[in-house]
Structure formats: structure tokens, C-alpha cells
Amino acid sequence: MKILLLLAIIPAVMYSQVGIGTANPLADLHVAGNTSTIRIESLSAVNNPAHNDGIKPALAYVNALGDVTLNPSINNGTTSGGAVAPINFLLTLPDFIPNGPLNFGNIVTSPALDTYSTGLIKKVNFTAPGSALVEVKYCISSLISMGDLNLGLANLIPFYDISSRVFKIYFCIDINNDGLDAVEASKRFGLNAQSYASANQGILGYSFTNGHGYTTVPPGTHSIHFFAEIFDGPTKVTSIGFGGAEDTIKVRVYN
């Protein structure tokens, strides 16, 4: 009789489902109730402060092994050790554009015979140790002149013709830092623009343009190319010095 009873119990143990708040569980573990909660103390702010600051809710992930974790890069089962080191670093470069001897920065000029001109402001290299999402934020100063700033301080002339000038700033990503190809050059990130016009009361001073953008990159060394575009009227000269005052770039790389 004891042997028959044991055989009758074993299948129930092997295939049973656990119900909390319900007598009829529908899964291996079924927590019933509209206000039910689950607490895993190993993920608390006290036991896991690196990923749970105790202030805002922490995201939970399920790795390849089926474990619940707060760190999406740990024990994901993608390597022999079951772990991939997270990529998360911030590159901050204050005043990344040289001011130059006259604090004009890098100059882009639209001469009198052109109504559109473009030029490279600055190139910045960075390295991603693995495939990653890249976020770029920038702030670039601009000094706008009616004279060609390449000719020196005497050509720093305020506007007085009430003719609108428009300039744009954007950046492109050169994958592998081997020169922008047509596809890379066609992808413009962080595009922002300003318009300027003035009469005789115009003054000279720096304005600031802010922008940011996101993209994905493979492992390797890449470069960020900042460009400017200038639009003005026929016979008008527009010369702009970019980065002569404060400027900064922040590059965050993370997976």
C-alpha cells in the first residue's frame, strides 16, 4: 500500500503548478489578484545599488538563461562566460573648435557671387569598442559678419542692409573614419538653423546653436564631421566664424 501511494504522489509533484491567491493556477507560477506584487530582495536598492538607486523605478530584464536582472549586459548568455561588458562612456570636449588668433574660430564664407555656400567646421574622432548607439550633443558659437573674416579684423563688419541671412549646422558620421561616402554624407544629424538680419543699428556678437542626434555604429574608430551651410541674397557677402567663443561637444556611446 505504501508503494502504491508513493507512485500516485510523484506525478503530481513533477507536473504541479503553484498558485498564489488562486486555487487554479494557469502557469508554473501564477500570482493572482489585481494588486498582487512580487518582491525580489536581491534587486533592491540596498542589495543592488549599482542598478537601483532607490529613487526612480529600475528596469528589469530577462537574460538568455531566463534570469531576471537589472543589468542588461550581465549574464546574457552570449559568451562562454555568459557576460558582455557594458559600453557606456561619455566623451566631453569643451572648446573643441580652435578659437584662432582673432577669436573667429573656423570660418565659412559665402562670397558676393554666391547665394549658397557650405564648409566643414570641425572633425572629431571617437572609438566604439563594440556595436553601440551613439548620442551626440553640441553647442557651437557663431560670429556673423558682412565682410570676409578670412581677410582679418578690418572685415568684421556689422550688417546694415536688412537682408536676411540663414545658416545651418549639422553633423555626419564617417564610419571607420575612412572618408565620408555619398550615403554617409546624405545622413544629416542634429540639424539646426538661425536667421539673421539687421539695419544700421546692428551690432556684432556671438550667437549659439545647439543640436543633438542619434545613430548606431559598429566597433571601430569613427569620426563626426560638423558642417555649415549659408544662404543669402545675390551680391551679398556673409562670413561666419564658428567656434570663436565657447563651444562644446558631448558624445555618449552605449549598448
Counting only N and O atoms by type, is there a donor-acceptor contact under 3.5 Å from the side chain of [X] to the main-chain atoms of [Y]?
{"X": "Asn52", "Y": "Leu43", "value": "yes"}
{"X": "Asp174", "Y": "His222", "value": "no"}
{"X": "Asp181", "Y": "Glu184", "value": "yes"}
{"X": "Ser223", "Y": "Val124", "value": "no"}
{"X": "Thr22", "Y": "Gly19", "value": "no"}
{"X": "Asp247", "Y": "Ser141", "value": "no"}
{"X": "Arg165", "Y": "Ser163", "value": "yes"}

Interatomic distance, [X] atom [atom1] to [Y] atom [atom2] [nearest 0.5 angstrom]:
{"X": "Ile144", "Y": "Phe242", "atom1": "CD1", "atom2": "CZ", "result": "7.5 Å"}
{"X": "Thr115", "Y": "Leu113", "atom1": "OG1", "atom2": "CG", "result": "10.5 Å"}
{"X": "Tyr138", "Y": "Leu93", "atom1": "OH", "atom2": "CG", "result": "16.0 Å"}

Please check if [X] and [Y] belong to a single hydrophobic cluster, counting links between Ile, Leu, Val, Met, Phe, Trp and Tyr side chain heavy atoms closer than 4.5 Å.
{"X": "Phe231", "Y": "Met146", "value": "no"}
{"X": "Val136", "Y": "Ile175", "value": "yes"}
{"X": "Val31", "Y": "Leu26", "value": "no"}
{"X": "Val166", "Y": "Ile140", "value": "no"}
{"X": "Phe208", "Y": "Phe104", "value": "yes"}

**Message:** Starting from Phe227 and following side-chain heavy-atom contacts under 4.5 Å between hydrophobic residues (I, L, V, M, F, W, Y), which residues can be reached?
**Reply:**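 Joined to Phe227, directly or through intermediates: Leu120, Tyr170, Leu180, Leu191.
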Should [X] and [Y] count as side-chain neighbours, where that means a heavy-atom distance under 4.5 Å?
{"X": "Thr216", "Y": "Val134", "answer": "no"}
{"X": "Ile97", "Y": "Asn106", "answer": "yes"}
{"X": "Pro158", "Y": "Ser198", "answer": "no"}
{"X": "Asp161", "Y": "Lys236", "answer": "yes"}

What are the two closest non-hydrogen atoms of [X] and [Y], and how far apart are they?
{"X": "Pro218", "Y": "Ala128", "result": "O-CB, 4.1 Å"}
{"X": "Ser164", "Y": "Ala197", "result": "CA-CB, 3.8 Å"}
{"X": "Cys172", "Y": "Ala185", "result": "SG-O, 3.7 Å"}
{"X": "Pro111", "Y": "Val237", "result": "C-CG2, 4.3 Å"}

Just by distance, with hydrogens left out, do [X] and [Y] show a side-chain donor and acceptor under 3.5 Å apart?
{"X": "Thr209", "Y": "Gln194", "answer": "yes"}
{"X": "Ser110", "Y": "Thr238", "answer": "no"}
{"X": "Asn176", "Y": "Asp178", "answer": "no"}
{"X": "Asp148", "Y": "Thr109", "answer": "yes"}

**Item:** Step-by-step side-chain hydrogen bond (donor to acceptor under 3.5 Å, both in side chains) determination, Ser239 to Ser145
**Value:** CA-CA 5 Å; Ser239 191; Ser145 171; 5.8 Å; no
**Asked** Crowded around Lys187 NZ? As in, over 12 foreign heavy atoms under 6.0 Å?
**Response**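 No.
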**Exceeds 12 heavy-atom contacts within 6.0 angstrom, atom CG of Leu29** =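 Result for CG/Leu29: enclosed.
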**Message:** So that I can tick it off, tell me whether Lys137 and Glu135 are bridged by a salt bridge, with the cut-off set at under 4.0 angstrom between side-chain N and carboxylate O.
**Reply:**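 Here Glu135 pairs with Lys137 in a salt bridge, since their nearest N and O are under 4.0 Å apart.
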